[in-house]
Amino acid sequence: MTECRPKLAVMKFASCDGCQLTLLDMEDELLTIARAVQISHFAEASSSLAPGPYDLTLVEGSITTREDRQRLTQLREDSKYLVTIGACATSGGVQALRNFGSHDEFMRGVYARPDYIETLATSTPIAAHVKVDFELRGCPVDKHQLLEVIASLLAGHRPKTSTESVCQACKRRGNVCVVVAQDMPCLGPVTQAGCGAICPAYDRGCYGCFGPTRQPNPKSLSDHLLRQRLGEVECAMLLHGINAYAPEFATEGQRLWELAGVPKPLHASLHSDEEGAQE
Amino acid sequence: MTATPEQLTIAAKSLWLDKKEFQSFLNVLREGGYQIIGPRIEQGAIVYGPVDRVEDFPLGWTDEQAPGLYRLKKRDDDALFGYAVGPHSWKRFLFPPQLDMMRSKKVGAGWDMEPVPVETVKYAFLGVRACELSAIEVQDRVFLNSTFPDEYYQQRRRDSLIIAVNCTMAAATCFCTSMDSGPRCRTGYDLALTELIDGYVVEVGSVQGATLIERLALPTVAAVQEERAEVARRQAVEQIQRVLDREHVQSTLKQRLNHVHWDDVAARCLSCANCTMVCPTCFCSSVEDVTMLVDQEVVRQRRWDSCFNFDFSHVSGGPVRDQTRSRYRQWLTHKLTTWVDQFGTSGCVGCGRCITWCPVGIDLTKESVILCSEAGLDKPQDSPL
């Protein structure tokens with residue numbers, strides 16, 4: 001009986017575990033999920049860890065070490081569907097800020113004994129290394145979208161996650177625009193919906209947790225924020241946050257750093273395994 | 001709707017509602033079984049929501065608006081309706097942003113489908129402006145005057161009471177005078193108020209309105225109050241500065257599909273869909289089946305959608321309008337020109353919401369002037385997508 005259920009694995013790379021917790025937090029749905037799938041490997045939930053192959057692998061975290069890169073290659077081979085969950089796995093996460101800075105400097109700033117640390121100079125999304133079947137955005141991912149992904153893949157169709165802007169969810173919810181009414185910096189117009197526009201509902205600008213929309217126009221937004229007298233550095237930091245390494249946010253953030261007189265070039269050959277393997 | 005002779009007689013006599021009696025007026029509406037939706041302050045703006053008491057209203061507040069900018073400002077009086085329009089429109093009650101339409105459950109080899117019953121709710125919309133009456137009329141054409149009327153809209157529209165308020169001031173973004181949709185409320189209301197410092201001139205527009213207001217046994221308005229109301233209403237007309245050359249744009253914009261200025265707008269447009277969300281006439285929605293995990297249950301949901309979404313025009317092979325330029329062009333040409341071909345009226349009522357609530361302040365009255373100009377028309381016309 002149990003063997004008929006699809007095997008689910010939840011795997012972690014460089015991340016905070018928040019996205020896995022979203023799965024664990026589904027108190028009302030977790031038993032249903034457990035009936036629908038066989039949870040083979042989910043270290044956050046159980047110490048019983050079954051080896052692959054898996055039917056559906058949810059991958060959290062970015063690639064920041066050589067070992068992780070090797071582990072990922074094996075995991076891809078072991079997985080029928082490989083789905084990334086969250087900003088780290090999808091765009092490199094907040095730790096991808098090091099892609100714009102000096103890796104050595106970060107290490108010296110953070111660790112008492114940086115010589116104990118062995119890591120790549122970059123933090124890169126899963127799709128930079130292996131084929132990904134579906135990328136679920138968010139920091140953390142949204143519970144409903146995660147359920148949609150699991151349910152869709154089990155049913156054999158493409159998950160329906162909207163590529164609309166946060167603004168649309170914000171307006172449906174009846175929020176008043178914080179940019180227009182309160183001059184607040186907000187990434188909503190260039191960020192993909194999924195969170196239900198939580199931050200603007202509580203008088204906060206959007207942090208861009210769900211990454212860029214399809215064809216975003218971050219330059220127009222930051223030009224506007226600069227006209228509203230937001231500093232170039234603040235504006236750059238807004239874009240270079242949780243999804244700093246998402247291409248559209250990366251480029252616009254770099255333009256703003258440049259304007260601020262603090263250029264932040266990306267590491268050369270960021271996607272090259274050879275280069276990244278050094279250090 | 002055409003007024004019956006009875007309605008016309010009613011409409012001939014305006015009444016006087018003293019400011020002190022306003023709460024009694026609200027009570028009469030409540031006793032009539034209505035849920036009153038009116039202006040209230042939330043998150044730094046005047047929005048529409050449940051109101052029961054005078055204190056719920058934006059007493060003594062007004063709005064200051066400009067492209068991409070909205071601010072609440074204190075007035076030097078205690079007006080309840082001393083503002084223009086905010087980010088909400090009445091469409092969120094007549095055409096809700098999200099609606100469950102049907103639930104289906106797998107039973108044996110088949111599916112058991114059950115429509116979600118239309119929720120019966122009687123709204124009294126209090127504070128509907130002339131431009132908004134026009135907007136409701138525009139949406140009526142879409143949702144009611146079609147082969148397949150929208151039953152959700154139909155029910156809410158039929159059961160709701162409309163209490164209009166004539167504008168006595170205008171925002172810098174208003175241009176209803178250009179669109180022939182205001183600021184004077186002419187038709188489509190049950191009651192219409194003009195606010196003065198000490199009370200309201202009440203015009204009666206329907207039998208329902210007459211029946212309700214009868215309970216307050218209001219006196220007929222004095223000639224001097226009528227005159228003061230007229231002066232107050234004229235003030236709104238005089239304050240309107242913004243202009244859109246409706247006829248010219250209607251006839252010209254379609255000849256400008258390849259104008260270079262579309263690129264200029266596209267460089268600023270965020271394609272975020274805010275303009276369509278705040279627009280009181282935009283009516284697009286998408287319907288999606290939301291699957292539950294194993295219970296084999298599906299909920300069919302309708303949600304506001306927008307022509308600014310990349311996936312909106314997705315057909316086999318990809319989206320038809322795959323650039324911001326073509327999406328903005330689609331929206332503006334539909335709103336100002338092809339809407340007329342489709343529904344016999346403009347899709348724009350001049351409320352100015354799309355100007356104020358565009359996060360980067362794109363102003364259709366300015367853009368359309370440039371787009372209609374000969375300058376920049378250096379390429380032959382391409383397909384109208």
Side-chain angles (χ1 to χ4, degrees), chain A residues 5 26 29 31-37 144 147-148 150-152 154-155 157 159-160 162-184 186 188-193 200-203 213-225 227-228, chain B residues 41-49 63 65-72 86-88 92 96-98 266-278 286 288-296 303-306 308-312 314 319 322-324 327 356-362:
Chain A
R5 290 175 300 162
M26 290 187 201
E29 296 88 0
L31 286 176
T32 317
I33 295 173
R35 277 201 300 273
V37 298
H144 301 286
L147 270 176
E148 164 68 17
I150 298 172
S152 301
L154 290 178
H157 63 79
K160 293 183 292 261
S162 176
T163 58
E164 69 184 21
S165 69
V166 168
C167 298
Q168 260 186 271
C170 207
K171 286 285 186 288
R172 280 198 213 99
R173 191 170 172 154
N175 293 343
V176 175
C177 178
V178 297
V179 180
V180 172
Q182 300 185 49
D183 259 358
M184 222 177 250
C186 174
V190 294
T191 301
Q192 185 169 300
Y202 294 96
D203 289 323
T213 48
R214 291 291 295 269
Q215 296 183 338
N217 191 349
K219 182 179 180 296
S220 172
L221 182 65
S222 49
D223 282 348
H224 182 76
L225 295 175
R227 279 197 301 275
Q228 283 184 323
Chain B
I41 292 179
E42 262 166 45
Q43 285 196 293
I46 295 166
V47 301
Y48 298 146
D63 47 14
Q65 304 190 43
L69 190 88
Y70 180 101
R71 287 293 180 276
L72 283 180
H88 288 184
R92 61 182 308 108
Q98 187 165 312
R268 284 171 285 136
C269 177
L270 301 167
S271 203
C272 60
N274 272 304
C275 47
T276 55
M277 297 286 112
V278 295
S286 57
E288 207 166 75
D289 285 343
V290 181
T291 43
M292 303 296 136
L293 201 57
V294 284
D295 291 339
Q296 310 272 9
R303 302 195 309 170
W304 285 357
D305 203 348
S306 171
F308 279 95
N309 282 338
F310 182 83
D311 292 324
F312 184 78
H314 192 103
D322 64 350
Q323 304 163 48
T324 299
R327 292 196 288 275
T356 300
W357 299 99
C358 171
V360 294
I362 295 173

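Chain A is the first sequence line, chain B the second, and so forth, proteins listed ahead of strands; every chain is numbered from 1.
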Test A/M26 against A/T32 for side chain to side chain contact (heavy atoms under 4.5 Å, CB included), laying out the working first. CA-CA 10 Å; A/M26 290 187 201; A/T32 317; over 6 Å; no
Let's go through B/H88 and B/E42 carefully: what are the C-alpha distance in whole Å and the side-chain angles of both, what is the deciding distance for side chain to side chain contact (heavy atoms under 4.5 Å, CB included) to 0.1 Å, and is it a yes or a no? CA-CA 11 Å; B/H88 288 184; B/E42 262 166 45; 5.6 Å; no
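With respect to chain B, the highest number of heavy-atom pairs below 4.5 Å among A/G174, A/A201, A/C177, A/G188 belongs to A/G174. Counting heavy-atom pairs closer than 4.5 Å to chain A, the top residue among B/R92, B/Q323, B/Q98 is B/R92. The candidate with the highest count of non-hydrogen atom pairs below 4.5 Å against chain A, out of B/C272, B/A267, B/S306, is B/C272. For the options A/P216, A/S165, A/A181, heavy-atom pairs under 4.5 Å to chain B are most numerous at A/A181. Ranked by heavy-atom pairs shorter than 4.5 Å toward chain B, the options A/K160, A/Q168, A/E164 are led by A/Q168.
At a 4.5 Å heavy-atom cutoff, the contact between B/T356 and chain A is made by backbone and side-chain atoms alike. Contact of A/P200 with chain B is made through the backbone alone, with heavy-atom distances under 4.5 Å. Contact annotation for B/R268: both backbone and side-chain heavy atoms come within less than 4.5 Å of a heavy atom of chain A. Looking at A/A155, neither its backbone nor its side chain comes within 4.5 Å of chain B, counting heavy atoms on both sides. With a 4.5 angstrom heavy-atom cutoff, A/E148 touches chain B only via side-chain atoms. Contacts between A/N175 and chain B at a heavy-atom distance below 4.5 Å involve backbone atoms as well as side-chain atoms. With a 4.5 angstrom heavy-atom cutoff, B/V47 touches chain A only via side-chain atoms. Only the side chain of A/S162 comes within less than 4.5 Å of a heavy atom in chain B; its backbone stays farther off. Residue contact with chain A, scored on non-hydrogen atoms closer than 4.5 Å, involves the backbone of B/A266 exclusively. The part of B/P87 that comes within reach of chain A is its side chain, from C-beta onward, which places non-hydrogen atoms under 4.5 angstrom from that chain. Looking at B/D63, neither its backbone nor its side chain comes within 4.5 Å of chain A, counting heavy atoms on both sides.
Using a cutoff of 4.0 Å between basic side-chain nitrogens and carboxylate oxygens, B/R71 and A/D183 are scored as salt-bridged. Salt bridge status for A/D223 with A/K219: present, with a side-chain N to carboxylate O gap under 4.0 Å.
Inter-residue side-chain proximity for A/Q228 and A/V179 is flagged as met; some heavy-atom pair is nearer than 4.5 Å. In this structure the side chain of A/L147 reaches within 4.5 angstrom of the side chain of A/I33, judged on heavy atoms.
Without hydrogens or angle criteria, A/K171 side chain to B/P97 main chain gives no donor-acceptor distance under 3.5 Å. Between the side chain of A/Q215 and the main chain of B/D322, a donor-acceptor pair closer than 3.5 Å is present. Listed for the B/Y48 side chain is no donor-acceptor partner under 3.5 Å among the backbone atoms of B/G86.
Side-chain atoms of B/R327 and B/S271 form a donor-acceptor pair, as typed in the model, at a separation below 3.5 Å.
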